[in-house]
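I have placed the structure first, in the form of structure tokens, so that the comments after it can refer back to it.
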Amino acid sequence: MGWVIKMKLEPLVVAYSELYLNDYETASCENPERIRNVIAELREHYPIEKPTSATDHEILMVHSHALLNDVKRDSYLFETAAMAAGGAIMAGQYAYEGRPTFAAVRPPGHHAGPSGNWGFCFFNNVAISIEKLIRQNKVKQALILDIDLHFGDGTDDYFENRREVTVANIQDDDRSNFLKNVDRALSRNDFDIVAISAGFDRHRQDWGGTLTTEDYYTIGKNVRDYCVEQCEGRFFAVLEGGYNTAVLGQNTLALCRGMDGEPYGA
């Protein structure tokens, strides 16, 4: 009789910097209160670790000099955006070591492409993190699972025609189909790491009106289960959208509980 041994992962870590509370010029819905609510929930349950800012070299792995210099015109914005990319980089590096990590960053990033950005995004945090892992020869096949309400066009554009990265933008207004499509994205068995572009604006009380809080727990748990079985427990998440601050914190906590292997509602 064979035995299946479940690997034991390190507890989940949260990457966070107070720079994410900077009130830089952007759309009014993408405000510091978002992160304030998220971190108020997460710090009660998980250790917080401060990342370092992404270097120009790391940002230029994904973006053009022109885009970098454009963001640098606003030094207050730039320090925040570089720290957000740094939070994603730290999450990716920790994940490679088997430490599940949620990067509670701001600004979001999945609408930032190689030479342009929009939608409250400036640098593509997840893309920078994954690209660094690839260039370090740590990762050969990565899945980026984007569960935000909006299509992550910047991520898709950057990794277009790249065999090392699969970008799965889950776009379905039906709750059941959405969850099935997440599972379908996790059906391959050749990924070295999974990165979740964790948007929460598809929640029933946010713009999308589709998913429940428990659904985010389910997504986190399913990603964890897949990664324990298939890729040595290597997975992480980076905050993207989510604009109803009354529910954003609890939705984020639900995803993290699933990622950490905790019972829902514990």
Side-chain angles (χ1 to χ4, degrees), residues 4 6 9 12 29 34 37-38 41-42 45 95 100 102-104 108-111 119 126 130 141-156 159 165-191 193-231 233-266:
V4 177
K6 286 276 189 180
L9 296 183
L12 184 134
C29 60
R34 298 177 62 240
N37 280 266
V38 166
E41 289 279 359
L42 298 187
H45 302 274
F102 183 87
H110 72 156
H111 293 309
V126 169
I130 290 294
Q141 289 289 326
L143 170 65
I144 298 175
L145 179 67
D146 193 323
I147 59 171
D148 194 273
L149 172 65
H150 306 98
F151 188 89
D153 55 320
T155 313
D156 201 58
F159 287 114
V165 180
T166 298
V167 181
N169 274 285
I170 310 301
Q171 295 288 297
D172 202 302
D173 294 332
D174 179 85
R175 172 177 174 254
S176 178
N177 288 340
F178 189 98
L179 296 174
K180 288 176 183 176
N181 288 333
V182 169
D183 290 341
R184 190 172 295 116
L186 295 168
S187 63
R188 279 174 48 179
N189 62 3
D190 58 345
F191 296 121
I193 196 166
V194 176
I196 308 172
S197 267
F200 297 92
D201 40 0
R202 194 174 279 281
H203 187 259
R204 284 184 172 174
Q205 295 178 52
D206 211 308
W207 295 348
T210 304
L211 300 179
T212 68
T213 300
E214 188 170 0
D215 291 335
Y216 291 110
Y217 170 85
T218 299
I219 292 168
K221 181 179 183 299
N222 288 355
V223 169
R224 178 189 175 91
D225 289 347
Y226 170 89
C227 292
V228 166
E229 294 291 337
Q230 301 293 343
C231 56
R234 293 170 175 162
F235 64 102
F236 65 103
V238 179
L239 182 63
E240 300 285 0
Y243 303 100
N244 181 352
T245 55
V247 295
L248 179 56
Q250 65 190 49
N251 290 336
T252 306
L253 179 60
L255 180 76
C256 288
R257 284 198 179 282
M259 291 174 62
D260 204 34
E262 301 172 82
Y264 180 70

Handout entry: Inter- and intrachain pairs under side chain to side chain donor-acceptor pair (under 3.5 Å), touching residues 236-248, at least two apart
Key = Ser197-Glu240
Partners passing side-chain hydrogen bond (donor to acceptor under 3.5 Å, both in side chains) against [X] (at least two apart in sequence or in another chain):
| X | answer |
| --- | --- |
| Asn169 | none |
| Arg34 | Glu30 |
| Asp156 | none |
| Asp190 | Arg188 |

Completion exercise
For Leu9 and Pro100 the tightest heavy-atom approach is CD1-CG, 3.9 Å
Completion exercise
Between Val194 and Cys227 the two heavy atoms that sit nearest each other are CG2-SG, 3.6 Å
Exercise for the section: Using the test side chain to side chain contact (heavy atoms under 4.5 Å, CB included), find all partners of Asp174 that sit at least two apart in sequence or belong to another chain. Expected result: Asp172, Ser176, Asn177
Fill in the blank from the handout: side chain to side chain contact (heavy atoms under 4.5 Å, CB included) filter on Ala254, not counting sequence neighbours, yields Thr213, Tyr216, Tyr217, Tyr264
Practice task
Kindly write out the residues that satisfy ring pair (Phe, Tyr, Trp, His ring centres under 6.0 Å) with His111, not counting sequence neighbours, or none if the list is empty.
Solution key: Trp118
Problem - Selection residues 211-223 - residue pairs positive for salt bridge (charged side-chain N to carboxylate O under 4.0 Å, His left out), sequence neighbours left out - result: Arg175-Asp215, Lys221-Asp225
Handout entry: side-chain contact (heavy atoms from CB on, under 4.5 Å) between Ile144 and Phe159, intermediate numbers included
Key = CA-CA 10 Å; Ile144 298 175; Phe159 287 114; 3.6 Å; yes
Completion exercise
By salt bridge (Lys or Arg N to Asp or Glu O under 4.0 Å), Asp173 pairs with (sequence neighbours left out) Arg202
